[in-house]
Structure formats: C-alpha cells, structure tokens
Protein chains: 2
Amino acid sequence: MTVSTGRRERKKAATRQKIADTALRLFLERGYEAVGIRDVAAEADVAVTTVFAHFASKEALVFEQDENFEQRLARAVTGREPGEPLIPALRREIEALVRHCSAAEALPIWRMIDETPALQEYEQSMRLRHAEALAAAIAADPDLARTTTECRTIARFAVDAYSLAREAADPDAALDEIFRMVEAAWAATVRPGETVADQAVASR
Amino acid sequence: MTVSTGRRERKKAATRQKIADTALRLFLERGYEAVGIRDVAAEADVAVTTVFAHFASKEALVFEQDENFEQRLARAVTGREPGEPLIPALRREIEALVRHCSAAEALPIWRMIDETPALQEYEQSMRLRHAEALAAAIAADPDLARTTTECRTIARFAVDAYSLAREAADPDAALDEIFRMVEAAWAATVRPGETVADQAVASR
DNA sequence: TTAGGAAACACTAACCGTTAGTGCTACGGT
DNA sequence: ACCGTAGCACTAACGGTTAGTGTTTCCTAA
C-alpha cells in the first residue's frame with residue numbers, strides 16, 4: 001500500500017496513454033470499424049496483449065476518460081449542500097456532463113459513437129451501471145426516505161435525461177422539458193401524510 | 001408481393017424453428033457461453049452460415065420470439081380505445097409483458113439472460129429500439145400533442161418501467177410505484193393554458 | 001409443361017476480438 | 001545487492017461472424 005510515485009507507475013500510465021491516444025487517432029482517421037486491435041498495437045508499438053492489459057475491450061479504448069462519470073453522478077447526490085433537494089442537484093451535474101460532451105473538441109468522437117452500433121451498445125451498458133450506482137447513492141441518503149424501486153426508477157430517469165439531452169438538437173431546451181418530467185416523477189414518490197421536507201426547502 | 005404459402009416458406013420457417021429450438025435447448029442444458037454456434041449448427045444439422053442466414057447474431061437466438069414486443073408496445077398506443085388516456089393503456093400492456101416474462105416456463109431463460117453479460121447488453125439494445133418505436137407511435141397520435149423530446153422521454157420511462165419491474169422481487173408492487181411516477185411525469189407535460197383533454201376523459 | 005430465376009442452403013477459408021500460456025525484463029522494497 | 005513482482009512480449013488458439021462460391025429446390029411466367 002505504498003503511495004510511491006515510482007518510475008514504474010509513470011511508465012505504465014505513459015503506455016496506457018500512448019495506447020489510448022493512438023487508438024483514438026486511428027479511429028478518427030480511418031473509422032472505428034476499419035481499425036483493428038492489431039493496427040492499434042502496431043502503431044502504438046506494443047503487443048496486442050498489452051492493449052488488453054490496459055483496456056478491457058476495444059470499445060473501452062473510446063470511453064477511456066469517461067470513467068469518472070459514475071463518481072460524478074454519485075457525488076452530485078452525496079456531496080450536495082445540506083438541505084438541497086435532489087433533483088436540482090442532479091440536473092446541475094447532468095447539464096455539466098451534457099455540455100462536456102457537446103464541446104467542439106469532443107464532437108467528432110460522439111459522431112463516431114453514434115455511427116457505430118458496438119459503441120452505442122457499450123455506452124448503454126455503461127449508463128446502466130451508472131444508473132445502478134446513482135440509485136445506490138440516492139438510497140443511501142437518509143434525507144430521502146424512498147423505496148428501493150423508487151430510487152432505481154429515478155436514477156434510470158436521470159441517466160435517460162442525459163442520454164436524451166445529448167441526442168437532442170437543442171440540449172438545453174431538452175433538459176428543461178425532461179427535468180420538468182423528472183421533477184414531477186420524484187414529487188409523486190412522496191407518500192400522503194409524510195412531510196415534504198425535501199420539496200419544502202427548495203426554491204433554491 | 002404474392003402471399004403464396006408455398007412449400008418454400010414453410011420449409012424456411014421449419015428450418016428457422018429447428019435452429020431456434022435446438023439452440024435454446026443446448027443453451028439451457030449446457031449454458032449459453034458453453035455452447036458455440038458450431039455446436040448449434042451441428043445439432044440442428046445445418047451449416048453455420050445457415051444459422052446466420054436466419055438470425056443476425058448468437059444473442060438473437062435467445063430472443064427469437066420477442067420480436068413482437070415492439071409491435072405490442074406501439075399497438076397499445078395506436079390501438080387503444082378512443083379517448084382512453086395514454087399511460088393506463090401503456091401500463092396494461094407492460095403489465096402483461098412483465099407477467100409473460102415471469103411465467104414459470106420462461107423463468108430459466110430469463111435466469112440465463114440475467115447471468116450472461118452479452119445477453120443483457122443485447123436486451124438493452126432491443127429496449128432502446130423499442131423505446132424509439134414507442135416514441136414514434138406516441139408522437140404520431142393526434143390526440144396527444146407533445147414535443148418530440150417529451151414523447152421520447154415518456155417512451156424511455158415506459159421501457160424502464162418494464163425493465164425495472166421485471167427485475168423487482170414483487171413485479172406488481174414495483175409497477176404500482178413506477179407508474180405513479182410515470183403518470184406524474186406525463187401530467188407534467190401539459191402546458192399551462194392548454195386543455196387537459198387527455199387527462200379529463202380518464203377514470204377507467 | 002417447361003425454362004428461368006431466385007431463394008435457401010452448404011462448404012471453405014478467412015477476419016477480428018479476445019484469451020491462455022509462457023517467459024523475459026526492469027523496477028521497487030528490503 | 002537481491003529478490004519478488006509487475007509490465008510487457010510473443011505465439012497460438014478459440015469463438016463469433018462474414019465473404020466467396022457453388023448447388024439444390026421450388027416458385028413463376030411463358
């Protein structure tokens with residue numbers, strides 16, 4: 001458990017980065033399907049097995065940096081201001097994520113993803129994992145006493161919002177419409193006879 | 001465009017059915033991953049290429065009969081009683097679909113699906129396609145004047161409901177909770193100043 | 001009835017993602 | 001300085017999938 005920032009780890013990280021950069025460059029140059037793992041390995045000057053030592057699959061090469069997506073969603077819930085209602089906090093984070101994907105630099109990548117079925121499937125799997133993590137974070141919040149099903153449902157709705165907004169022509173407008181619906185869905189989970197604490201503190 | 005029920009089509013259908021039956025049997029006997037396409041082809045006494053002439057992928061062998069899922073969802077919208085509100089109609093259909101999956105006969109199959117990542121990914125892809133089809137059906141209904149985003153959103157929510165209910169310990173109770181949320185989300189799409197025709201006719 | 005043509009199917013051989021097995025090398029902890 | 005191990009290479013293979021090619025079968029139109 002030593003925190004050594006040794007040459008070893010630096011080299012490993014460098015190799016990983018080199019592979020990821022090479023892969024992304026080749027994918028964008030020639031198209032995802034037209035580039036084989038063997039091409040990537042050769043161009044990055046590593047063995048095929050080394051590629052798979054760093055990345056679980058070919059698709060993972062594309063989503064290299066989006067590993068923190070899951071943590072960001074969960075932290076938007078666990079790390080929000082005390083008393084701040086859930087949905088606005090979620091929305092703020094998702095808005096940031098959508099903007100991040102819509103950045104000019106990331107656009108060709110997302111175009112490639114939208115054109116490649118294998119990458120879309122992979123992204124859906126990621127989203128499902130993210131939804132599960134988000135549901136766990138929501139369920140763990142003592143301020144939000146909801147059933148497991150309700151937590152899982154609102155988590156799904158939230159990642160749906162991300163996905164739908166990213167595909168929309170006008171992401172900001174889409175987020176408005178979608179979160180009006182998400183907010184209503186969440187409000188409907190409050191049992192009659194319970195305090196509406198989560199809602200009451202609202203109004204920013 | 002002849003509707004001939006010729007020998008040819010019967011033979012084709014028979015071959016297809018034989019392949020699907022053989023595959024499902026082998027999968028359940030030995031496990032999905034332990035059975036190769038070559039095994040299925042040999043056992044069904046056809047060539048490997050013939051298998052792929054009938055099914056687009058190995059996973060498609062498992063979901064052979066669920067092709068009509070998409071049509072059922074869309075028809076639940078387009079074919080509902082005039083004046084019947086959208087959400088109850090959707091719920092009725094989804095409830096039926098969930099029950100269909102929970103039938104004793106289908107249980108081992110779903111156990112296999114839940115245990116196999118490749119099958120789960122495939123099913124997610126299917127669900128996304130179904131959501132798109134459902135969104136199109138909702139958008140095409142003149143009684144429901146909603147934006148494209150709202151239609152796509154509620155369609156996603158509906159297939160989420162199916163997915164979540166199927167995984168829940170008590171599907172019926174889960175459907176209650178989830179559809180309370182879906183109903184609220186849909187109600188939130190009504191613009192202030194518009195008639196609430198869709199809601200007003202409700203009550204049964 | 002028959003000729004034409006297309007669809008279904010078979011077979012071979014390969015491509016591609018992925019993994020197992022094996023071993024070498026270089027670095028870090030002691 | 002030494003040893004353990006992590007990183008990496010290499011070969012070979014497995015399993016899903018497809019291309020190319022040829023053959024049989026059977027619908028259809030003359």
Side-chain angles (χ1 to χ4, degrees), chain A residues 1-20 22-24 26-27 30-64 112 116-123 125, chain B residues 1-20 22-24 26-27 30-64 112 116-123 125:
Chain A
M1 288 300 170
T2 51
V3 201
S4 59
T5 324
R7 190 171 315 166
R8 202 164 199 152
E9 310 192 358
R10 255 178 294 131
K11 278 200 175 181
K12 177 171 182 176
T15 301
R16 181 193 162 91
Q17 199 59 42
K18 185 177 183 183
I19 294 171
T22 305
L24 203 54
L26 291 186
F27 289 160
R30 311 182 200 164
Y32 178 78
E33 316 227 68
V35 177
I37 289 284
R38 290 162 179 88
D39 299 329
V40 174
E43 185 86 6
D45 198 31
V46 297
V48 172
T49 45
T50 303
V51 174
F52 284 106
H54 286 276
F55 299 92
S57 68
K58 186 186 180 187
E59 294 90 49
L61 284 166
V62 174
F63 294 96
E64 179 237 350
M112 177 178 76
T116 312
L119 291 176
Q120 295 208 56
E121 276 197 33
Y122 186 85
E123 205 220 340
S125 278
Chain B
M1 285 301 171
T2 52
V3 203
S4 60
T5 325
R7 191 171 315 164
R8 201 167 202 148
E9 310 193 357
R10 255 178 293 130
K11 279 201 175 180
K12 177 170 181 176
T15 301
R16 181 193 161 91
Q17 199 57 42
K18 185 177 184 183
I19 294 172
T22 305
L24 204 53
L26 291 185
F27 290 160
R30 311 182 200 164
Y32 179 77
E33 316 226 68
V35 176
I37 289 285
R38 291 163 178 88
D39 299 329
V40 174
E43 185 86 6
D45 198 32
V46 296
V48 172
T49 45
T50 303
V51 175
F52 284 105
H54 286 276
F55 300 92
S57 68
K58 187 187 181 186
E59 293 90 52
L61 284 166
V62 173
F63 294 95
E64 179 238 350
M112 177 178 76
T116 311
L119 291 177
Q120 294 208 57
E121 276 198 33
Y122 187 85
E123 205 220 340
S125 276

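Order of the sequence lines fixes the chain letters, A, B, ..., with proteins taken first and strands second; residue numbering starts at 1 for each chain.
When all heavy atoms of V40(B) and A23(B) are compared, the pair lying nearest together is CG1-CB, 3.8 Å. Pairing each heavy atom of E121(B) with each of S125(A), the nearest pair is CG-OG, 2.8 Å. The nearest pair of heavy atoms linking L61(A) to I37(A) is CD1-CD1, 4.2 Å. The minimum heavy-atom distance between F55(A) and A60(A), with the atom names listed, is CD2-O, 4.0 Å.
Taking the ring centre of Y122(B) as origin, the terminal cationic atom of K58(B) falls outside the region bounded by 6.0 Å and 45° from the ring axis.
Per the geometry, CG belonging to L119(B) stands 12 Å off P belonging to dG16(D), to the nearest Å. The distance from atom CD of E33(A) to atom P of dT17(D) is 13 Å, rounded to the nearest whole Å. In this entry the distance linking CZ of F27(A) with P of dC16(C) reads 13 Å, nearest Å. One atom, CG of L61(B), and another, P of dG16(D), lie 10 Å apart when rounded to the nearest Å. Taking atom CD1 of I37(B) as the reference point, atom P of dA13(C) lies 21 Å away to the nearest angstrom. K58(A) places its NZ atom 4 Å from the P atom of dG17(C), with the value rounded to the nearest Å. The nearest whole Å value for the distance from the CZ atom in F55(A) to the P atom in dG17(C) is 15 Å. Across the protein-nucleic acid pair, I19(B) atom CD1 and dT17(D) atom P stand 14 Å apart, rounded to whole Å.
In terms of position along DNA chain D, the nucleotide closest to R38(A) lies nearer the 5' end than the nucleotide closest to the other residue of the pair E59(B) and R38(A).
With a 4.5 Å cut-off on side-chain heavy atoms, K12(B) and H54(B) count as touching.
V35(B) comes within 4.0 angstrom of sugar-phosphate atoms only, judged by non-hydrogen atoms across all strands, and of no base. As judged by a 4.0 angstrom heavy-atom cut-off over every strand, V40(B) is placed among residues making no nucleic acid contact.
Within the structure, side chain to side chain donor-acceptor pair (under 3.5 Å) pairs that include any residue of residues 34-45 of chain B comprise R25(B)-E43(B) (at least two apart or interchain).
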Can you pull every protein N or O that's under 3.5 Å from an N or O on nucleotides 4-8 of chain D?
residue, atom, partner, partner atom, Å
dT5(D), O2, R8(A), NH2, 3.0
dA6(D), O4', R8(A), NH2, 3.4
dA6(D), N3, R8(A), NH2, 3.0
dG7(D), OP1, K12(A), NZ, 2.9
dG7(D), OP2, K12(A), NZ, 3.4
dC8(D), OP1, T15(A), OG1, 2.6
dC8(D), OP2, H54(A), NE2, 2.5

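Closest to the side chain of F52(B), from the set dT18(C), dT18(D), dA14(C), is dT18(D).
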